[in-house]
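Here the structure comes first, spelled out in structure tokens, and everything after it is commentary.
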Amino acid sequence: MARNELRPVIRLRSTAGTGYTYVTRKNRRNDPDRLIVRKYDPVAGRHVDFREER
């Protein structure tokens, strides 16, 4: 597998509806499904769930 196939760049979009995103990489072997990570949203001013978008 090439580098981009195994660890693709993904965008995590806030579920608070602010439009804020984080950009990261994920390992497809360990996390084949879409990621949901709880992170800080500076626009909302609190921690919210961020979901992977493709």
Side-chain angles (χ1 to χ4, degrees):
M1 284 187 150
R3 177 182 176 199
N4 291 339
E5 293 176 9
L6 182 59
R7 294 192 65 90
V9 175
I10 60 166
R11 294 173 58 111
L12 300 171
R13 181 168 303 275
S14 174
T15 57
T18 60
Y20 192 79
T21 60
Y22 282 98
V23 178
T24 188
R25 292 182 176 272
K26 79 166 190 175
N27 188 330
R28 282 201 178 149
R29 288 185 186 157
N30 296 339
D31 301 306
D33 300 328
R34 294 196 180 191
L35 283 179
I36 299 174
V37 182
R38 190 160 174 83
K39 294 180 74 69
Y40 183 74
D41 186 342
V43 179
R46 58 190 172 98
H47 282 80
V48 297
D49 287 340
F50 280 74
R51 293 181 187 263
E52 174 185 346
E53 66 175 22
R54 292 186 184 153

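Predicted model, so just to flag it, every value in this text is computed and none were measured.
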Would Leu12 end up clustered with Ile36 when hydrophobic side chains under 4.5 Å apart are linked, directly or stepwise? no
Indicate yes or no for a side-chain donor-acceptor contact from Arg13 to the backbone of Gly19 under 3.5 Å, with no hydrogens or angles considered. yes
Which value, rounded to the nearest 0.5 Å, describes the distance between Asp41 atom CG and Asp49 atom CG? 11.0 Å
What closest approach, in Å, do Arg25 and Arg7 show between heavy atoms, and which atom pair accounts for it? NH1-O, 2.8 Å
Kindly give the heavy-atom pair with the smallest separation between Tyr22 and Tyr40, and that separation in Å. OH-O, 2.7 Å
Which of these passes side-chain contact (heavy atoms from CB on, under 4.5 Å) with Ile10: Leu35, Val23, Thr21? Leu35
Identified salt bridge (Lys or Arg N to Asp or Glu O under 4.0 Å) partner of Glu52 from the options Lys26, Arg28, Arg11: Lys26
